[in-house]
**Q** 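Sharing a structure with you now.
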Number of protein chains: 2
Amino acid sequence: MKVPSAAISRLVTYLRILEELEAKGIHRTSSEQLAEEAQVTAFQVRKDLSYFGSYGTRGVGYTVPVLKRELRHILGLNRKWGLCIVGMGRLGSALADYPGFGESFELRGFFDIDPEKIGRKVGSGVVEHLDLLPVRVPGRIEIALLTVPREEAQGAADLLVAAGIKGILNFAPVVLEVPKEVPVENVDFLAGLTRLSFFILNPKWREEMME
Amino acid sequence: MKVPSAAISRLVTYLRILEELEAKGIHRTSSEQLAEEAQVTAFQVRKDLSYFGSYGTRGVGYTVPVLKRELRHILGLNRKWGLCIVGMGRLGSALADYPGFGESFELRGFFDIDPEKIGRKVGSGVVEHLDLLPVRVPGRIEIALLTVPREEAQGAADLLVAAGIKGILNFAPVVLEVPKEVPVENVDFLAGLTRLSFFILNPKWREEMME
DNA sequence: TGATGTGAAAGCCTTCACAGCT
DNA sequence: AGCTGTGAAGGCTTTCACATCA
């Protein structure tokens, strides 16, 4: 069975909603309620879950802690991932201090090439030279947050891949070239800003649109 | 004609590639070359452009500055957008100092509710109280970068909408509820991190996948 | 009875082949 | 001759209706 990649993004949303429901002390929910909170249809919720299994009770609904546990399992959040930050500029430093990584993600390395920055204390550690990647990554760090300037992103990605990184969260506004077994997720706020620009100017773009 | 929303994201990519080509002094290009750089097919490039018009020359290709100008026009980057940042924590402050907004986007306001932060100088301005949104937004600010904590995002979004904001770039990990005429783009690095977690654990997820 | 789980239909996006220009 | 532009085919994702089961 083929799972649409958009479904994975929605599972993340459902999980967040379940955590909110749990915080509110709500124990039982339904595809209807999840759908409303996630702004999708109930059909979509049930189909997304059905790609991975059956987690509800017919005629009743879903038990919040059960579905939450299952989603965490599906998404791989029931284990601990080692992270590193590559590029300790403004964004990298802000991320190093970010308190919201949760149980599943742990910052374990901070890298740059600027001698000014190396040795500086950030977040829970110390900035090291990029050359140390091959020593620090294997067995300890699976995912890199890539926060270097645009021009340096591809070079840094190459070093990360050579060091054995398993996935890259790319904040630079470029399309990275990496082996297909290394997944890349892009976090591109400038692209988002530009899409907004387009959508504001084309409010009816979802309807007819002939030039 | 219906334009797929993914096409808009790709246009942003094509524009960046054109800017790089221009910086390298390359004057002419082709759907083939753009496709390679963007990691899509040449069919896709031509189809994406065809939604908006005909910008190339058959038998020849595209002229870099021409296509660049046309894409900037389509995306609404040939005008200046006023931005504000709502939530002057670590991320908001990093964005206030960001030098890469370019010609088309200008930071014109910085807001928070924390008395500690109000009056502080950031980037090109001073932090003001959120209550001033209705005074500052109309006619000057079209897009808000929403960088408040998760719990406060919906409330802040409501204030922005009431003040007449035209679009929201949401950095908080929540699904915002806004009137459908106000577009929202999400910049959600935690979701990206979670998708990476899934993709690393499911390298063959694109193929068969039975539970 | 009532909400889930799912095969099938509908709809949308991508791929393709080739017509159309220069 | 060659690359763009595009209608149509193909494939994937979403929607739907209903069978299923507590």
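Chain letters run A, B, ... following the sequence lines, proteins first and then strands; every chain starts at 1. Please read these numbers as outputs of a predicted model, since none were measured by experiment.
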**Q** Mind listing the residues from residues 67-76 of chain B sitting with a heavy atom below 4.0 Å of DNA chain D? Number order is fine.
**A** none
**Q** Closer to the 5' end of DNA chain D via nearest nucleotide, is it A:Arg10 or A:Gly59?
**A** A:Arg10
**Q** Going by the ring pair (Phe, Tyr, Trp, His ring centres under 6.0 Å) test, which pairs reach into residues 151-192 of chain A, not counting sequence neighbours?
**A** A:Phe189-B:Tyr98, A:Phe189-B:Phe101
**Q** At less than 4.0 Å, is any side-chain N or O atom of B:Tyr62 found next to OP1 or OP2 of D:dG5? Yes or no.
**A** yes
**Q** Using the test side-chain hydrogen bond (donor to acceptor under 3.5 Å, both in side chains), find all partners of A:Ser31 that sit at least two apart in sequence or belong to another chain.
**A** A:Arg46
**Q** Could you name each residue pair satisfying salt bridge (charged side-chain N to carboxylate O under 4.0 Å, His left out) that touches residues 144-168 of chain A, not counting sequence neighbours?
**A** none
**Q** Quick check against the 3.5 Å criterion: does A:Gln154 have a side-chain atom that pairs as donor or acceptor with the backbone of A:Glu177?
**A** yes
**Q** Please list all pairs passing the ring pair (Phe, Tyr, Trp, His ring centres under 6.0 Å) test where one or both residues lie in residues 20-45 of chain B, with sequence neighbours left out.
**A** none
**Q** Among A:Val86, A:Val148, A:Asp114, which one satisfies side-chain contact (heavy atoms from CB on, under 4.5 Å) with A:Leu130?
**A** A:Val86
**Q** Which atom pairs link the protein and nucleotides 16-18 of chain D when you take only N or O atoms and keep those under 3.5 Å?
**A**
none

**Q** Under 6.0 Å from the CZ atom of B:Arg28, do we count more than 12 heavy atoms belonging to anything else shown?
**A** no
**Q** Output the rounded distance in Å from NZ (B:Lys2) to P (D:dT14).
**A** 13 Å
**Q** Identify the 5'-most and 3'-most nucleotides of DNA chain C with at least one atom closer than 4.0 Å to a non-hydrogen atom of chain A.
**A** C:dG2 to C:dA8
**Q** Do any pairs count as a salt bridge (charged side-chain N to carboxylate O under 4.0 Å, His left out) and have a residue in residues 50-68 of chain B, sequence neighbours left out, and if so which ones?
**A** B:Glu22-B:Lys68
**Q** Partners of A:Asn170 by side-chain hydrogen bond (donor to acceptor under 3.5 Å, both in side chains), sequence neighbours excluded?
**A** A:Asn186
**Q** Does the A:Ser197 side chain pair with the main chain of B:Leu75, one donor and one acceptor, at a distance under 3.5 Å?
**A** yes
**Q** With sequence neighbours left out, which residue pairs that include part of residues 130-144 of chain A fulfil the side chain to side chain donor-acceptor pair (under 3.5 Å) condition?
**A** A:Glu128-A:Arg136, A:His129-A:Asp131
**Q** Of A:Val60 and B:Arg58, whose nearest nucleotide on DNA chain C comes first from the 5' end?
**A** A:Val60
**Q** Thinking salt bridges, do B:Arg90 and A:Asp97 make one under a 4.0 Å N-O criterion?
**A** no
**Q** What pairs meet the salt bridge (charged side-chain N to carboxylate O under 4.0 Å, His left out) rule with one or both residues in residues 29-40 of chain A, with sequence neighbours excluded?
**A** none
**Q** Residues of residues 11-40 of chain A with any non-hydrogen atom less than 4.0 angstrom from an atom of DNA chain C: list those, numerically ordered, please.
**A** A:Ser30, A:Ser31
